[in-house]
**Q** 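Below you'll find the structure I mean.
Just so it is clear, the structure is predicted and the values come from calculations on it, not from any experiment.
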Amino acid sequence: MSPVFDTDYPADSVEFCPNPGFSNIFVCGTYKLVESPKPPAPGLPTPKAYRKGQCLVFRLNESDDLSLLIENSDHVQTLDYPAIPDLKWCHGRTFPRPTLAIADSEGSVSLCQWDHDTGAMIPINSIQCADIDTLCLSLDWNNRLVDAKPLSLAVSLSNGELAYLQVDSTGDLRVIGTWHSHDYEPWVTSWNYHDPNMLFSGGDDLTLKLWDIRNGFERPVMVNRKFEAGVTCIQSHLVDSDLVAVGSYDEKVRFFDTRNLLRPLDELGVGGGAWRIKWHPSASRQNELLIACMHDGFKVGRYSKDTPSSILSEFREHESLAYGADWSFSEGGEKTPIATCSFYDHKLHVWSA
C-alpha cells in the first residue's frame, strides 16, 4: 500500500513545485459542494448552496529505503478558498520565490508564493475574472518552456468563456480580455509551450480549438469537432514542439501534430475519461505521460511514433474518481515520485513510477 492522506474535502488537483531546490513541495486543491440547508423558518428564503475548498501544502520526505512518506508531519499548511478546480505553479525565473496560481469556484484567480524562511505559502494577490456564480475551471501559465513576455495566464470559465490575464514581476494581475470560446463548459485551456502566442482550449461541446492571441479573441485559427465526448485535458509535449496530447471523456488520449490538428497521429485507450495528462518532465522519459482516468484509476502511458502507443503501468489504490495527478520534478533515481488524488473518497496518495 502506498502512503495516503485524507484531504477531508473531495480532492481534484495536484501540482509539484518545478523550482530548483523546491521540488519536494507540492499542493493539492479540494472542492466541496455545500448543499442548500432548509429555510430557517417558513416563508424565509432558502440559503444558496455554495462551494468551498482548500489548498493543502505538503513537503515530501524520503526514508533511507526511498519509500515516500506523507504523514501528518508532511502536511505543512492549509489555505481556505472557494472550491479549487485547478492550480498551477509558475515556471521560469520571473518571480524571486516559487509562485502558485489558484483557480476558484467564484470567478477568481489568486497568487501565492512559497516563503522558504517561514516554510509556508503567502497569498500575494487575487483578481476577479468573472462573477461569483462562474467557476474558473482551469488555468495555465505561458512560460513553461520559454521566457514569455508578457508573462500570461489563460483561464477557462464555466460560462463558456476564456480569459487572458497578464502578470508582472510583482504579482500584479490584469484581465486583458475575455471571450466566448465554447458552447458548453470549456474544461481546459492550455498554452502551446513552444509558442506562447498559441492557446488551446477544449470543451463539453466535443470541440478542440486553437487560438492565436495576436489575432484577437473573435475566432479560433483551428476547430476540431471530431471528438466523441467532451475534451477535458491538453498538454504540449515538452521536447517535440510539434506534438500535443489531448484527453477526452471518451476514454481516449489522442496525439496530434500541431500542424494538423484535425487528424490524430495515434490514439491511446485509457479505460476511463482522461481528466488530466502530464508528460514526464525528464528528457530521458520524454514520451511517457501520467493520466488520471476518472473511473479507471491512474496510468502511465507511452507515446510512440513507430509502434502503437501503450499503457506501461497502473495505480489502483484510489476508490473514487481519479482527478489530480502530477510527476515530481526531482532529479535522479530510476523512478519518479507521483502524487495523485481522488474525489469522493478524498484521498491523496504518493507513489512512484
Side-chain angles (χ1 to χ4, degrees), residues 12-13 29 31 33 48-51 53 81-88 90 101-111 125-144 148 150-167 172-193 195-225 227 229-236 244 246-249 261 275-276 323:
D12 60 9
S13 51
Y31 181 118
L33 176 63
K48 290 178 62 176
Y50 66 97
R51 302 172 180 89
Y81 285 94
I84 298 175
D86 197 16
L87 30 68
K88 295 275 174 43
C90 183
I102 299 172
D104 73 39
S105 62
E106 294 184 358
S108 291
V109 170
S110 300
L111 297 184
N125 207 353
S126 181
I127 194 168
Q128 199 77 25
C129 300
D131 63 67
I132 63 171
D133 294 321
T134 299
L135 285 71
C136 295
L137 297 174
S138 74
L139 52 70
D140 200 25
W141 298 90
N142 70 340
N143 68 333
R144 174 74 185 257
L151 178 64
S152 303
L153 278 165
V155 185
S156 67
L157 304 168
S158 62
N159 62 6
E161 295 184 343
L162 298 182
Y164 173 55
L165 284 63
Q166 290 182 359
V167 192
D172 182 59
L173 294 157
R174 290 189 300 143
V175 178
I176 303 302
T178 60
W179 68 99
H180 178 77
S181 62
H182 292 266
D183 293 334
Y184 300 100
E185 289 90 343
W187 295 120
V188 61
T189 187
S190 179
W191 295 96
N192 181 333
Y193 293 141
D195 184 349
N197 295 305
M198 307 304 290
L199 180 66
F200 298 102
S201 65
D204 223 30
D205 53 1
L206 287 63
T207 302
L208 169 69
K209 295 185 179 183
L210 179 65
W211 310 82
D212 186 336
I213 61 170
R214 294 167 297 190
N215 295 343
F217 310 127
E218 291 186 6
R219 61 184 63 182
V221 296
M222 188 287 310
V223 179
N224 181 341
R225 303 184 188 278
F227 291 83
V231 177
T232 49
C233 49
I234 304 166
Q235 193 176 65
S236 300
V244 61
V246 180
S248 170
Y249 281 133
L261 290 166
W275 187 251
R276 285 286 184 272
Y323 271 163

**Q** Quiz question: by atom type and distance under 3.5 Å, do the side chains of H182 and S201 form a donor-acceptor pair?
**A**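 Yes, S201 and H182 have a side-chain donor paired with an acceptor closer than 3.5 Å.
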**Q** Which atoms form the tightest heavy-atom contact between L208 and V246, and what is the distance?
**A**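 Distance-wise, the nearest heavy atoms are CD2-CG2, 4.2 Å.
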**Q** Would you mind reporting whether L137 and L157 have side-chain heavy atoms less than 4.5 Å apart?
**A**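 Counting from C-beta outward, L157 and L137 never come under 4.5 Å.
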**Q** Can you spot which of Y164, W191, W141 makes a side chain to side chain donor-acceptor pair (under 3.5 Å) with S152?
**A**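 It is Y164, the one option of Y164, W191, W141 that forms the side chain to side chain donor-acceptor pair (under 3.5 Å) with S152.
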**Q** From N192 CG over to L199 CG, what is the distance, rounded to the nearest 0.5 angstrom?
**A**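 Interatomic distance, N192 CG to L199 CG, rounded to 0.5 Å: 9.5 Å.
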**Q** Could you tell me whether a side-chain N or O of N142 sits under 3.5 Å from a main-chain N or O of P150, the two making a donor and an acceptor?
**A**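 It does hold such a pair.
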**Q** Look up atom CZ in R174 and atom CD in Q166, then write down how far apart they are to the nearest 0.5 Å.
**A**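 R174 CZ to Q166 CD: 5.0 Å, rounded to 0.5 Å.
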**Q** Mind checking whether V221 and N215 have side chains closer than 4.5 Å, heavy atoms only?
**A**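 Of all side-chain heavy-atom pairs linking N215 with V221, at least one is under 4.5 Å.
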**Q** Do the side chain of N224 and the main chain of L261 share a donor and acceptor less than 3.5 angstrom apart?
**A**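 Yes; at least one donor-acceptor contact below 3.5 Å.
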**Q** Rounded to the nearest 0.5 Å, what separates atom CG in L87 from atom SG in C136?
**A**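 So the gap between those two atoms works out to 12.0 Å.
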**Q** Are the side chain of S158 and the backbone N or O of L135 linked by a donor-acceptor pair below 3.5 Å?
**A**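 Yes, S158 side chain to L135 backbone: donor-acceptor pair under 3.5 Å.
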**Q** In the structure I gave you, are the side-chain heavy atoms of Q235 and Y193 within less than 4.5 Å of one another anywhere?
**A**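 In contact.
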**Q** Walk me through it: do T207 and V223 pass the test side-chain contact (heavy atoms from CB on, under 4.5 Å)?
**A** CA-CA 7 Å; T207 302; V223 179; 3.5 Å; yes
**Q** Is Q128 reaching over with its side chain to a backbone N or O of A130, donor-acceptor style, under 3.5 angstrom?
**A**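 Checking the backbone N and O of A130 against the side chain of Q128, a donor-acceptor pair under 3.5 Å is found.
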**Q** For D133 and K48: C-alpha separation, side-chain torsions, deciding distance, then whether salt bridge (Lys or Arg N to Asp or Glu O under 4.0 Å) applies.
**A** CA-CA 11 Å; D133 294 321; K48 290 178 62 176; 3.3 Å; yes
**Q** Which heavy-atom pair separates S190 from I234 by the least distance, and what is that distance?
**A**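 Looking at all heavy atoms of both residues, the shortest contact is OG-O, 3.2 Å.
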**Q** For a 4.5 angstrom cut-off between non-hydrogen side-chain atoms, does N143 reach C90?
**A**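 When only atoms from C-beta onward are counted, C90 and N143 do touch, with a gap below 4.5 Å.
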**Q** Of all the heavy-atom pairs spanning L206 and V231, show the shortest one and how long it is.
**A**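 Between these two residues, the closest heavy atoms are C-CG2, 4.4 Å.
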**Q** Between atom CG of L173 and atom OG of S110, what is the distance when rounded to the nearest 0.5 Å?
**A**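 Answer for the CG-OG pair, L173 versus S110, is 8.5 Å.
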**Q** For a quick check under 3.5 Å, do Y31 and R51 share a side-chain donor-acceptor pair by atom type?
**A**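 There is such a pair (donor and acceptor under 3.5 Å, judged by atom type) between the side chains of Y31 and R51.
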**Q** State whether the side chain of K209 and the backbone N or O of M222 hold a donor-acceptor pair below 3.5 Å, judged by distance alone.
**A**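 No; zero donor-acceptor contacts below 3.5 Å.
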**Q** If you define the side chain from C-beta out and look only at heavy atoms, does anything of D172 sit under 4.5 Å from N125?
**A**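 Result yes, sub-4.5 Å side-chain heavy-atom pair found.
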**Q** Indicate yes or no for a side-chain donor-acceptor contact from S105 to the backbone of P82 under 3.5 Å, with no hydrogens or angles considered.
**A**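 Pair absent, no side-chain N/O of S105 close to backbone of P82.
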**Q** Pick out which of I127, L139, L151 makes a side chain to side chain contact (heavy atoms under 4.5 Å, CB included) with L165.
**A**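 Filter result, single survivor: I127.
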**Q** With rounding to the nearest 0.5 angstrom, report the CG to CD distance, D204 to E185.
**A**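 Interatomic distance, D204 CG to E185 CD, rounded to 0.5 Å: 5.5 Å.
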**Q** Looking only at heavy atoms, what is the nearest atom pair of V188 and C233, with distance?
**A**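 Minimum heavy-atom contact is CG1-N, 3.7 Å.
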**Q** Using a 4.5 Å cut-off on heavy atoms from C-beta on, say whether the side chain of W187 contacts that of Y249.
**A**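 Side-chain contact under 4.5 Å: yes.
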**Q** Taking S248 for its side chain and G230 for its backbone only, find out whether a donor-acceptor pair lies under 3.5 Å.
**A**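 Flag set: sc S248 to bb G230 pair under 3.5 Å.
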**Q** I'd like to know if the side chain of D104 reaches the main chain of A83, judged simply by a donor and an acceptor atom lying under 3.5 Å from each other, with no hydrogens or angles considered.
**A**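 No; judged by distance alone, with no hydrogens or angles, the pair does not exist.
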**Q** For the residue pair F217 and W179, does the interplanar ring angle fall in the parallel (under 30°), tilted (30 to 60°) or perpendicular (over 60°) class?
**A**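 Rings of F217 and W179: parallel, as their planes differ by under 30°.
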**Q** Considering only heavy atoms from C-beta outward, does the side chain of W275 approach that of D12 to under 4.5 Å?
**A**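 No; the side chains remain at least 4.5 Å from each other.
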**Q** Could you tell me which non-hydrogen atom of R219 sits nearest to which non-hydrogen atom of W211, and how far apart they are?
**A**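 Taking every non-hydrogen atom into account, C-CZ3, 3.6 Å.
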**Q** Can you give me the closest heavy-atom contact between P186 and G160, atom names plus distance?
**A**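 P186 and G160 have their closest heavy atoms at CD-CA, 3.7 Å.
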**Q** If you count every heavy atom of other residues, nucleotides or ligands that lies below 6.0 Å from R225 atom CZ, does the total exceed 12?
**A**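 Counting neighbours around CZ of R225, 12 or fewer heavy atoms of other residues, nucleotides or ligands fall under 6.0 Å, so no.
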**Q** As a quick check of understanding, evaluate side-chain contact (heavy atoms from CB on, under 4.5 Å) for C129 and T178, giving each step before the final call.
**A** CA-CA 8 Å; C129 300; T178 60; 5.7 Å; no
**Q** Between the side chains of D86 and R276, is the shortest nitrogen-to-carboxylate-oxygen separation below 4.0 Å, so that they form an ion pair?
**A**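 So R276 pairs with D86 through a salt bridge.
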**Q** Any side-chain donor paired with an acceptor under 3.5 Å for S156 and T189?
**A**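 The criterion, which ignores hydrogens and geometry beyond distance, is not satisfied for T189 and S156.
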